[in-house]
Every structure is written in C-alpha cells, then in structure tokens.
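Just so it is clear, the values below take in all heavy atoms, side chains as well, and ignore hydrogens, waters and symmetry mates.
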Amino acid sequence: MGWVRVTGATVGCWLAFYNPSMSLDLPGTGPRPTFPSSSDMPLLAGLNTEQRAAVTLPAEPALILAGAGSGKTRVLTTRIAWLLQTGQISPGGLLAVTFTNKAAREMMTRLQSMLPVNVRGMWIGTFHGLCNRLLRAHHKTAGLPQTFQILDTQDQQSAIKRLCKQFNVDEERFPPKQLQWFIGGCKEDGLRPGDVQAHDPDTRKKVELYQLYEEQCQREGVVDFGELLLRSYELLRDHAPVREHYQRRFRHILIDEFQDTNKLQYAWIKLLAGQGASHENAVFAVGDDDQSIYAFRGARVGNMADFVREFHVQHQIKLEQNYRSYSNILDSANALISHNKHRLGKNLRTEQGAGEPVRVVESSSDFAEAQWLIDEIKQLIRDDSSAAPGRLKQASAPLGGSEDTPVPSVGANIARKEMAVLYRSNAQSRVIETALFNSGIPYKVYGGLRFFERAEIKHALAYLRLLENPNDDTSFLRVVNFPPRGIGARSIEQLQDAARAANQGAGSSLHAAVNAMSGKAGANLSAFVAKIDVLREQTQGLTLREIIELVLEHSGLVEHYRAEREGADRIENLEELVTAAESFVSIEGFGRDAEATAAAENAAPDADGEVLSPLAAFLTHAALEAGDNQAQDGQDAVQLMTVHASKGLEFDVVFITGLEEGLFPHENSLSDFDGLEEERRLMYVAITRARKRLYLSLAQTRMLHGQTRYHIRSRFLDELPEETLKWVTPRNQGFGSGFTPQNSYGPGRGNGAGGGAWNSGWANASRSDSAYGRDTGSSLSSSKVVEQAQEAATGLRIGMSVFHNKFGEGKVLTLEGSGDDARAQINFPRHGVKWLALSVAKLTVV
DNA sequence: GGCGAGCGAATTTTT
DNA sequence: TTCGCTCGCC
C-alpha cells in the first residue's frame with residue numbers, strides 16, 4: 001500500500017504546534033475498559049507480525065527498529081489509534097514527537113482517518129512546537145514574556161552580528177557563523193554560559209559572548225530554536241510541580257526518527273518520561289540507525305543504545321519487511337550498509353521479486369551525465385505506443401523473476417513526479433536543471449528559501465512582531481529603515497549608544513531609546529516609532545487579516561515593491577501572507593475555541609492564564625513552520641533534491657548522480673571514520689528511495705568551483721554486489737583507460753532488452769555542450785592542447801591510473817612542468833591527494 | 001542611500 | 001563558477 005503523502009495542504013493541524021486545546025481527560029480519570037483481543041481489531045488488519053507486535057506492545061519502554069519502507073509511520077499511528085481505541089489512554093494523555101511539521105501533520109492526518117478523534121487537541125508535534133507550547137503555558141515560571149518571539153536561524157545570526165558590532169568583536173577571529181554554532185552547540189548540550197568549561201582564551205571569549213547574547217535575547221524577549229528546547233527542559237527540570245504534572249499526564253510518549261534526536265532532546269524525553277523516577281511512562285521510540293544522517297547537526301545515534309540501557313528496554317522489535325522496493329535494490333542497500341561497523345543490525349527483505357538490476361552509468365563529464373539523464377527521463381516518460389521493443393508495460397503480471405526472465409519493466413509511461421534525481425550537494429543541481437530546462441521537461445527543485453524566509457515576508461513579519469513586542473530589536477533594525485525613511489547607519493549607531501546608556505547603563509530597547517534622540521535623526525526615528533505605536537493602536541480589535549492588511553499598507557512595503565522593477569513577485573507573496581493568515585484563523589477558529597483551550601491548558605499547575613492573541617499565535621506559527629519550499633505543486637514534474645531531502649520519500653524511479661570519490665562520499669567527511677559511515681548511511685537512504693528502478697551515475701570530470709575536476713568512482717559502487725548491478729557503460733578499472741571523449745552514445749541507444757542499454761562509450765562532449773547553448777568547444781580544445789603537451793613530456797595523462805610503491809594505486813589529477821621539473825598531482829584513495837616530482841617518484845602506469 | 005567592484009568561500013538542514 | 005557580503009564611491 002502506498003504512503004499517504006500530504007503536500008501543500010498545510011491545513012488542519014496548525015493548532016497543535018502552538019496552541020493547546022486538549023481535552024481535560026487525564027489518564028486515570030477516564031474509563032478503564034478491557035482490551036479486545038488484537039485479532040478482532042480492524043485497526044490491526046493488514047499489519048504483519050512484527051508490525052502488529054509493535055503496535056500492541058504493553059505500556060513499557062520499547063524500541064522499534066524500523067527499516068526503510070517498513071511501514072514505520074503506519075506503525076506509529078496505528079499504535080496511537082490502538083491505545084486510544086482500547087481505552088488505554090485518552091487523547092490528552094499521550095505525547096507524540098516528530099522532527100518536522102510535515103511528519104506531525106502526516107501523523108495527524110492518518111490518525112484522523114483511522115479514528116474519529118480530534119487531533120487538534122492532542123500533543124502531537126515537533127520538539128520545538130511542543131516546547132513552545134509548554135513555554136507559553138508556563139511563561140512566567142520559565143521567565144519569559146507571554147508574547148516572546150522566536151528567532152529563526154537568520155534572525156539569530158543578525159542578532160549575533162549586532163552583538164559583535166556592539167562589543168567590537170574581531171569578526172575575523174570570531175566569525176558570527178562560528179559563534180552561532182558554538183552557542184547552539186552549548187545549548188544542545190544543556191550548557192548555560194556558566195556551565196561551559198573554557199580552558200583557552202578563545203573559548204573564554206566565546207563563552208563571554210554567549211553570556212552577552214543570552215542577556216540580549218532576554219532583554220528583547222526573544223528565544224532561538226535551541227533556547228526553546230533548553231528553556232523548556234529547564235522548566236521541567238527545575239519545577240517539580242510542573243514536571244510531575246506532565247509526567248502524570250503523558251503516560252505514553254511516542255517518538256519518531258529517534259536516531260535523529262540530540263542530547264538535549266533525549267534528556268527532555270527522559271524528564272517527561274520520569275526515567276529513573278518512581279514510575280516511568282511508556283516511551284515508544286521508533287528509529288533506524290542506518291538512516292541516521294544528521295550527526296552533523298547534533299543528532300546522536302547513540303541515543304538509541306542509551307535508551308535501551310537506561311530505560312531497561314525489554315521490547316525491541318525490528319521491522320525488516322520492506323514494502324517498497326524490489327530485491328535487487330534492497331540487496332544493494334543491505335550489502336552497502338553492511339560495510340558500516342557501528343550498527344544495531346538489520347536486514348531488509350521483500351516479498352516482491354528481484355526486479356530489474358540496478359543500472360550503473362558512467363559519463364565523461366557532468367554535462368554528459370545531465371544529457372544522459374534527459375534522454376533516459378524522456379525514454380521513461382514516453383508513451384507505450386512509441387516504446388522500443390523489449391520494453392514492457394508496467395507490470396501487471398506477478399512481480400519478480402531473475403534478470404533473465406522478463407522483468408516488470410518500468411520502461412515507459414512513468415509519471416514525471418515518480419522520478420527523482422538525487423545528488424549529494426546542491427551545487428550539482430545546476431547542470432541538471434539547465435539540461436532539464438532546455439529540454440522542456442518540467443521539474444521541481446527542493447530546497448532553497450521557504451515562504452516565511454523570504455525577505456519581503458520577513459519584513460512584513462518584523463512589523464507585525466513590533467506590534468506585539470516593541471522590544472524586539474532584531475525586528476526593529478530590520479525595518480527601521482525599510483522602506484527607506486532617511487534613517488542611516490549613523491542614526492542607528494547613535495540610537496544603539498543611547499539604548500546602551502539607558503537605565504543607568506542597564507540598557508533598554510531601541511524602541512524605548514528613541515525618546516533620548518534629538519535632531520534630525522531623532523525626528524526620523526520618532527516618526528518611525530510613532531508609526532508603529534499608531535499601528536498598534538489602530539489594529540486593536542481588528543481581525544488578523546485586517547491587521548496584516550493595515551500593516552502592509554502603512555508600513556509602505558507594498559508601495560515600495562510596487563516601485564521596484566522586480567517587485568511583482570514580492571507583492572504577490574505579501575498578498576499570499578494575507579491569505580495564509582486568513583486560512584490560519586479560519587482553521588484555528590480563534591475566539592471561543594482559544595478561550596476554552598487556554599482554560600484547559602491552565603489546569604496545569606502554575607500555568608499562566610492568558611490567551612495568546614491571534615497575531616501572536618500567527619507569528620509563532622510563522623517562526624516554527626517556515627512553510628513549503630516551493631508552493632507550485634500539483635504539476636507533474638521530475639523531482640530534484642539532495643539525498644538528505646529525499647529521506648522519507650519514495651519514487652518509482654530514482655537516479656543517484658555524482659557517485660564519485662570526493663563528492664559522494666564527500667571529501668570533507670573522509671577525514672574521520674564516523675564521517676564515512678554517515679556518508680554510507682546517506683547512500684543507503686538514497687538507494688532505498690527507489691521502488692522499481694534505480695540508476696547510479698557518475699561522471700569522470702565535473703565542474704566544481706569553476707574548475708574541471710577529475711574524480712574516480714565512488715567506493716560505494718565497489719561495495720555493491722556485482723550480481724545486482726548492470727553496468728550500462730563499460731566498467732572501467734580505476735579510471736583512465738580510454739579517456740577519449742570522441743565516443744558518442746549516438747543514435748542507436750535505448751534498444752537493449754530491459755531498456756536503457758546503451759551502445760558504448762560516453763556522451764560526446766560537444767554535443768551535450770551545444771544542448772545547453774554554450775560554446776565551450778574552444779576552451780575544451782585549448783586545454784586539450786596543453787594536456788597533450790604534458791602527456792608527451794611526462795608520459796602520463798590526466799585521469800590515468802598509476803601505481804606508487806608506498807601509496808598504492810592512484811589517479812593523475814594534474815600535470816605540471818616538464819623534464820626534471822615535471823610533477824603530478826595524484827589522488828591516492830588510501831593516502832589522499834599528493835604532489836609528486838616525477839623525476840623522483842617511481843610510478844608505473846596501471 | 002544605492003550601486004557596483006572586489007573578495008572569499010563554496011556539504012548535508014529542520015526547527 | 002557563482003553567490004553573498006563588505007566596502008567605497010557617487
């Protein structure tokens with residue numbers, strides 16, 4: 001069965017992220033029914049043995065190791081539904097945590113389709129969403145203003161930059177980026193400035209800045225993402241009544257993607273679960289250590305093992321039955337991941353047949369790779385009527401069979417949106433995009449700016465935030481002179497000085513400091529502040545929509561963009577903001593509902609009883625959910641994304657591109673063992689996205705940072721079992737042999753059995769270049785001349801494989817000089833890139 | 001205050 | 001190569 005994919009429709013569940021409307025049924029106060037035997041329950045129909053076991057586990061800590069495509073989300077949601085239906089828990093008594101809003105939404109949508117339950121009241125959401133909810137309900141206890149604003153990463157960076165300027169920090173020595181990373185890291189480890197061990201001057205300085213940053217945030221009434229978690233962790237840790245209330249309440253805690261939790265998140269869960277306390281709530285953790293690909297941002301796979309140990313987990317269930325892919329694909333994935341040392345151990349299996357072999361294609365360049373991709377995609381889209389002989393229609397016969405038997409071919413009639421082109425890094429998409437664009441194939445790239453991250457939207461939000469919280473200096477600075485109103489850097493500097501000096505040196509917000517300003521600067525600033533203050537008054541009692549419309553008009557934003565040449569899109573987005581607010585309100589039903597909601601929430605001890613205004617709620621929503629990357633879905637388009645972005649998705653056809661050493665695995669990750677293992681897990685994720693057909697592709701040369709780079713093929717290709725692969729282009733040993741781009745794949749391709757076979761060699765470089773409307777011919781040939789000269793002088797060629805006594809086999813990357821001065825840059829897979837003087841080094845051509 | 005030259009950096013990313 | 005940021009000039 002397919003996955004329910006929720007796209008675009010962000011409706012229905014916003015409330016759960018910021019505004020509680022839980023029912024008051026606490027565990028223990030509800031009925032305590034007897035459980036029907038599991039086989040009677042329609043909920044459980046269609047689950048396999050392991051899935052069913054997981055769903056119906058008793059209320060004890062459990063770890064579900066859920067392989068790719070094993071029905072993880074289904075198990076999680078069915079578990080919740082089962083707990084509810086069997087009366088073991090009331091909707092208010094469970095907590096379900098996900099990493100993304102999308103996952104939370106999907107869970108709620110599915111849950112709703114299983115049970116007639118009001119998911120809006122349930123505590124299902126992201127870590128950040130739930131922490132926000134806790135902090136809003138207990139803002140006084142947590143030491144925050146009720147209307148605290150949330151800084152996203154951009155805001156945080158500008159806040160740090162501002163701080164650095166103010167304290168004359170040398171930004172060369174302490175780049176704001178690095179400080180941001182440092183602060184985030186401390187918070188993730190649960191460390192306040194006073195807790196950080198600093199043994200060197202640099203660290204001491206950073207800690208000092210961390211301290212100052214905290215003070216700044218506190219003064220301004222803003223919290224960053226890390227703070228949301230840490231503050232809520234501390235709230236629970238330091239306030240027993242609050243902690244005990246929630247511990248009593250959340251008898252079941254379910255966590256999705258457990259392998260992605262960081263240290264603080266795990267600690268938070270332990271607190272809520274009452275781990276180590278007299279009674280423990282049932283933590284149901286679902287995850288896959290093989291799909292842990294976020295160590296770089298703090299995820300700790302080790303949490304899985306810690307969880308098993310610390311919670312004395314008795315129930316570990318592996319979901320290894322895969323419902324997605326054919327076995328050639330799964331066997332490849334299994335074989336690859338078996339090269340990792342640190343694993344909990346798991347092997348995917350399928351009842352579908354072998355399916356097609358995994359196709360491997362080597363091209364001469366990234367351009368040729370893109371061109372090949374286009375041709376292949378065209379072939380796949382093509383209607384059956386024009387399909388080449390040997391290509392079968394989509395399988396209707398029983399699936400399976402070896403490579404020899406007719407295989408369920410996906411050779412034709414594949415929807416574009418069922419094809420995904422994956423790459424390791426975003427930079428790789430460019431060439432592919434250009435090629436797709438020129439060939440007129442619709443495509444959609446994931447990544448990039450999201451709706452609420454767009455400059456014009458952030459400007460509008462800044463005005464709105466100032467209405468809610470005039471002390472928000474980040475927002476103040478963002479719009480004080482946007483649209484331009486004659487307030488330059490000098491005025492702002494003066495204002496900042498005044499703010500610092502205010503309150504006997506304790507400092508004040510910029511907004512408050514405006515009074516102290518005089519002269520022309522003072523007049524302009526006063527006018528701005530007055531505008532904000534008037535707007536605040538004018539918007540009293542208005543609906544959210546009216547507030548935003550008023551602000552857009554009076555801020556001058558719309559007017560400003562109207563005068564701009566390319567402002568039309570921005571105005572459109574601003575209009576979209578009104579629409580977003582509108583639907584936000586209509587879905588949340590602000591008003592009666594919110595009152596009731598707050599009342600319910602305040603059942604918690606020490607809860608602070610105000611209702612969040614619709615505007616404040618909307619601003620929170622905007623910060624916690626940045627919105628879709630690209631709104632125009634609905635169109636049938638080829639999907640382009642990084643491997644990271646593909647996690648959790650699946651497609652009939654998957655192209656994994658750029659399988660070259662240095663790219664995938666990425667060179668930056670090669671220095672340490674863990675890095676390489678994470679790259680391998682990344683590759684594992686990529687492979688397991690494919691349902692029916694998988695292509696692995698690599699290019700011998702690639703434009704990177706404006707230079708042509710030579711790569712050898714990824715070690716991952718060599719880690720795949722030969723019998724599941726089909727090398728569509730000849731498999732070279734190493735590299736080098738026959739590096740002559742004269743070969744063309746010519747007109748006769750695409751006629752092989754099983755489809756996609758291709759005659760020989762690589763795409764003709766000039767041909768593919770012309771397809772992009774670029775003429776790189778001259779530069780190609782001139783560099784070729786140089787190459788040839790060097791070849792003659794050294795006896796080596798770029799791309800050639802050579803053998804060195806100490807370093808082993810390597811590939812020639814660069815040649816320089818001639819005669820005794822001749823040297824070569826050689827990439828040795830085991831020893832890295834070396835420069836060798838050819839008069840000294842003994843090299844043998846392989 | 002706006003614009004253009006010049007410089008440096010350039011995995012992966014959600015909240 | 002290309003993007004984003006800073007700096008300096010008009």
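- Here A/I487 lies in heavy-atom contact (under 4.0 Å) with sugar-phosphate atoms only.
- The phosphate of B/dT15 (OP1 or OP2) has a side-chain N or O of A/N101 nearer than 4.0 angstrom.
- Considering only residues two or more places apart in sequence or on other chains, A/F437 meets the side-chain contact (heavy atoms from CB on, under 4.5 Å) condition with A/Y443.
- Heavy-atom distances to DNA chain B give each of A/G486 and A/F225 a nearest nucleotide, and the one nearer the 5′ end belongs to A/G486.
- Take the nearest nucleotide of DNA chain B for A/A626 and for A/H560: the residue whose nucleotide is more 5' is A/H560.
- Contacts of A/E667 classified as side-chain hydrogen bond (donor to acceptor under 3.5 Å, both in side chains), with partners at least two apart in sequence or in another chain: A/R709.
- Distance, A/Q707 CD to C/dT2 P: 14 Å, rounded to whole Å.
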Protein N or O to nucleotides 9-11 of chain B N or O, pairs below 3.5 Å:
unit_1, atom_1, unit_2, atom_2, d
B/dT11, O4', A/H666, NE2, 3.3

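- Between C/dT1, B/dG1, B/dT15, one nucleotide has an atom nearer to the side chain of A/T153 than all others, and that is B/dT15.
- With both ends at atom P, the span from B/dT12 to C/dC5 equals 16 Å, rounded to whole Å.
- Between B/dT14 and A/R450, a contact under 4.0 Å exists linking OP1 or OP2 to a side-chain N or O.
- When the side-chain hydrogen bond (donor to acceptor under 3.5 Å, both in side chains) test is applied to A/S714, no partner is found at least two apart in sequence or on another chain.
- The pair A/R424-A/E679 meets the salt-bridge criterion, with a side-chain N (NZ, NE, NH1 or NH2) lying under 4.0 Å from an Asp/Glu carboxylate O.
- A/Q216 meets the side-chain hydrogen bond (donor to acceptor under 3.5 Å, both in side chains) test with no other residue; sequence neighbours excluded.
- Rounding to whole angstrom units, CD of residue A/E227 and C1' of B/dT14 are separated by 18 Å.
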Point to revise | side chain to side chain donor-acceptor pair (under 3.5 Å) evaluation trace for A/Y213 with A/D224 | key: CA-CA 11 Å; A/Y213 169 76; A/D224 60 43; 2.7 Å; yes
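- Every pair passing side chain to side chain donor-acceptor pair (under 3.5 Å) that includes a residue from residues 286-302 of chain A is listed here, sequence neighbours excluded: A/D288-A/Q291, A/D288-A/K346, A/D290-A/R343, A/D290-A/K346, A/Q291-A/R689, A/R300-A/N303, A/R300-A/D306.
- In this view, A/F452 and A/H621 satisfy the ring-ring contact (aromatic ring centres under 6.0 Å, His included) rule, not counting sequence neighbours.
- Taking atom CE of residue A/M641 and atom P of nucleotide B/dT12, one finds them 15 Å apart after rounding to whole Å.
- Within the structure, side chain to side chain donor-acceptor pair (under 3.5 Å) contacts touching residues 169-181 of chain A (residues at least two apart or in different chains) are A/Q156-A/Q180, A/R173-A/D202.
- Note on A/D224: nothing from the nucleic acid sits closer than 4.0 angstrom, heavy atoms only.
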Study note, to complete from the structure: In 5'-to-3' order, the base (B), backbone-only (S) or no-contact (-) status of each nucleotide in nucleotides 4-10 of chain C, using a 4.0 angstrom heavy-atom cut-off, is -------
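- Put simply, CZ on A/R105 is 13 Å from P on B/dT14, counting in whole angstrom units.
- The phosphate of B/dG1 has neither OP1 nor OP2 within less than 4.0 Å of any side-chain N or O from A/R490.
- Applying a 4.0 Å cut-off to non-hydrogen atoms, the residues of residues 294-302 of chain A that approach DNA chain B are A/Y294, A/F296, A/R297, listed by residue number.
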Point to revise | Steps toward side chain to side chain donor-acceptor pair (under 3.5 Å) verdict (A/R465, A/N469) | key: CA-CA 6 Å; A/R465 283 162 75 141; A/N469 174 8; over 6 Å; no
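- For A/E468, the side-chain hydrogen bond (donor to acceptor under 3.5 Å, both in side chains) partners two or more places apart in sequence, or in a different chain, are A/S613.
- Listed by chain and residue number, A/I487, A/A521 satisfy the side-chain contact (heavy atoms from CB on, under 4.5 Å) test with A/S491 (two or more places apart in sequence, or in another chain).
- In B/dT12 the O4'-C1'-N dihedral to the base is more than 90° from 0, which defines an anti nucleotide.
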